[in-house]
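Have a look at the structure below, then the notes.
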Amino acid sequence: MVSEFSDAFLLEAERHAAWGAAQLEALTAFLPEAPWTADLPACRYRQGDVELRVAVLGTYDTDEQSWMWGWANPGLRGTEVVALADAVARYGHAHGIPELSEPVLELSGFSDPRRAAETLAFAGMGVAEAPGYIGVAAGPATRVYFLPDDPRVPRAGLDPVTLPRTLLTGAALIGRSARHVVGGYFDHHGVRQRAEDDRIVAGLPGGSAVEVRFDAVGRIGGVEVKVLP
């Protein structure tokens, strides 16, 4: 019985940690607190007065404590609504990450199976570069996870003022490799970066630069934003 994720999966998840945490905040602020409905053949999701195009990423069975990727669902396999989940599976196969490519994952061996399911959704969101994920109860023992696939969802930008907090928050989510968190964040924003022994230096939009330093054990030791002349 699996009781922890592989290093390959955790490092992949960390690449998306800082960007993903900020993006989930943006999605949460965008969606109203209201009941939801979905039309899966039409790839439509509605929450309150907001309607979005979505994909089904996966489902979590709270009784069985198992995760099923959307592409593996017999009722959805091969349909348009699981196209993004298919892309995640292809990425998993190509990069040797079994958690992204196995159809069903047994999570009962984890100390917190629900958190493990959320981590899978989080990583899938990042691999698909979707602007967040939406996890909702779809029955007494089922949670379904949607990926927004709609340009109306706001994208969290790179803000030099909040950048230190964003990177530190992301680094604390999984705690495996702060370098993967920082490098992945800049990758998501298309920012040029240079990795050195104890730091990553990146040029920011508008002409400023950021230097992220790492301490002897690889944690973020400081984030300094410099406004260049």
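Quantities reported herein were computed from a predicted structural model and do not represent experimental measurements. Along the sequence shown, the residues carry numbers beginning at 1.
No single ILVMFWY cluster, assembled from side-chain heavy atoms under 4.5 Å apart, contains both Leu27 and Tyr133. Put simply, Leu100 and Leu105 are part of the same group of oily side chains (I, L, V, M, F, W, Y) that touch within less than 4.5 Å, one to the next. Hydrophobic cluster membership is shared by Leu173 and Phe9, with clusters built from Ile, Leu, Val, Met, Phe, Trp and Tyr side chains linked at under 4.5 angstrom. Side-chain heavy atoms closer than 4.5 Å link hydrophobic residues (I, L, V, M, F, W, Y) into clusters, and following such links, possibly through other members, connects Leu120 to Leu147. Val182 and Leu10 fall within a single hydrophobic cluster, where Ile, Leu, Val, Met, Phe, Trp and Tyr side chains are chained together by heavy-atom contacts under 4.5 Å.
Not one N or O on the side chain of Gln193 forms a donor-acceptor pair closer than 3.5 Å with the backbone of Gly203. A distance-only check finds a donor-acceptor pair linking the side chain of Trp69 to the backbone of Glu99 [under 3.5 Å]. A distance-only check finds a donor-acceptor pair linking the side chain of Asp215 to the backbone of Gly218 [under 3.5 Å]. Remark: side-chain polar atoms of Ser208 are not paired, donor with acceptor, to backbone N or O of Leu204 under 3.5 angstrom. A distance-only check finds a donor-acceptor pair linking the side chain of Arg77 to the backbone of Ala72 [under 3.5 Å]. Judged by distance alone, the side chain of Arg46 and the main-chain N or O of Gly48 form a donor-acceptor pair under 3.5 Å. Judged by distance alone, with hydrogens and angles left aside, the side-chain atoms of Thr28 form no donor-acceptor pair with the main-chain N or O of Glu25 at under 3.5 Å. Checking side-chain atoms of Arg194 against main-chain N and O of Val201 turns up no donor-acceptor pair under 3.5 Å. No donor-acceptor pair closer than 3.5 Å links the side chain of Ser66 to the backbone N or O of Glu106.
Ring geometry for His16 versus His188: interplanar angle over 60°, hence perpendicular rather than tilted (30 to 60°). Taking the six-membered ring for Trp and thresholds of 30 and 60 degrees, Phe5 and Phe110 have ring planes inclined between 30 and 60 degrees apart.
Here Glu129 contributes atom CD and Leu84 contributes atom CG; the two are 10.5 Å apart, rounded to the nearest 0.5 Å. For the atom pair OG (Ser101) and NE2 (His93), the distance works out to 4.5 Å, reported to the nearest 0.5 Å. Distance check: Tyr45 OH to Leu40 CG gives 11.5 Å after rounding to the nearest 0.5 Å. Annotation: the span from Asp198 atom CG to Glu211 atom CD amounts to 8.0 Å, rounded to 0.5 Å. Leu11 CG to His95 NE2: the interatomic distance, rounded to the nearest 0.5 Å, is 12.5 Å. Considering CE of Met68 and OH of Tyr145, their distance stands at 14.5 Å, rounded to 0.5 Å.
Counting non-hydrogen atoms of other residues, nucleotides and ligands closer than 6.0 Å to CZ of Arg155 gives a total above 12. Other residues, nucleotides and ligands contribute only 12 or fewer heavy atoms inside 6.0 Å of the CD atom of Glu33.
Of all heavy-atom pairs spanning Pro113 and Ser108, the tightest one is CG-CA, 4.3 Å. Nearest heavy-atom pair across Val88 and Ala128 is CG2-CB, 4.2 Å. Between Ala195 and Arg179 the shortest heavy-atom distance is CB-NH1, 4.2 Å. The two residues Thr166 and Ala22 make their nearest non-hydrogen contact at CG2-CB, 4.4 Å. The shortest non-hydrogen separation linking Leu167 to Val181 is O-CG1, 4.0 Å. Nearest heavy atoms, Ala202 versus Val191: CB-CG1, 3.7 Å.
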Could you check Phe214 against Asp197 for side-chain contact (heavy atoms from CB on, under 4.5 Å), going step by step and ending with a plain yes or no?
CA-CA 9 Å; Phe214 302 97; Asp197 288 343; over 6 Å; no
Begin from the C-alpha positions of Phe146 and Trp36 and carry the test ring-ring contact (aromatic ring centres under 6.0 Å, His included) through to its verdict.
CA-CA 12 Å; Phe146 295 100; Trp36 67 276; 5.8 Å; yes
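In this structure, Arg53 pairs ionically with Glu80, as a charged nitrogen and a carboxylate oxygen lie closer than 4.0 Å. Taking 4.0 Å as the cut-off between side-chain N and carboxylate O, Arg213 and Glu224 count as a salt-bridged pair. Checked for salt-bridge contact, Glu14 and Arg176 miss the test: no charged N lies under 4.0 Å from a carboxylate O.
Ring centroid separation for the pair Phe186 and Trp19 does not come in under the 6.0 Å cut-off.
Using a 3.5 Å distance cut-off with no hydrogens or angles, the side chains of Tyr60 and Glu118 do not pair a donor with an acceptor.
Side-chain contact check for Val210 versus Val225: some heavy-atom pair is nearer than 4.5 Å.
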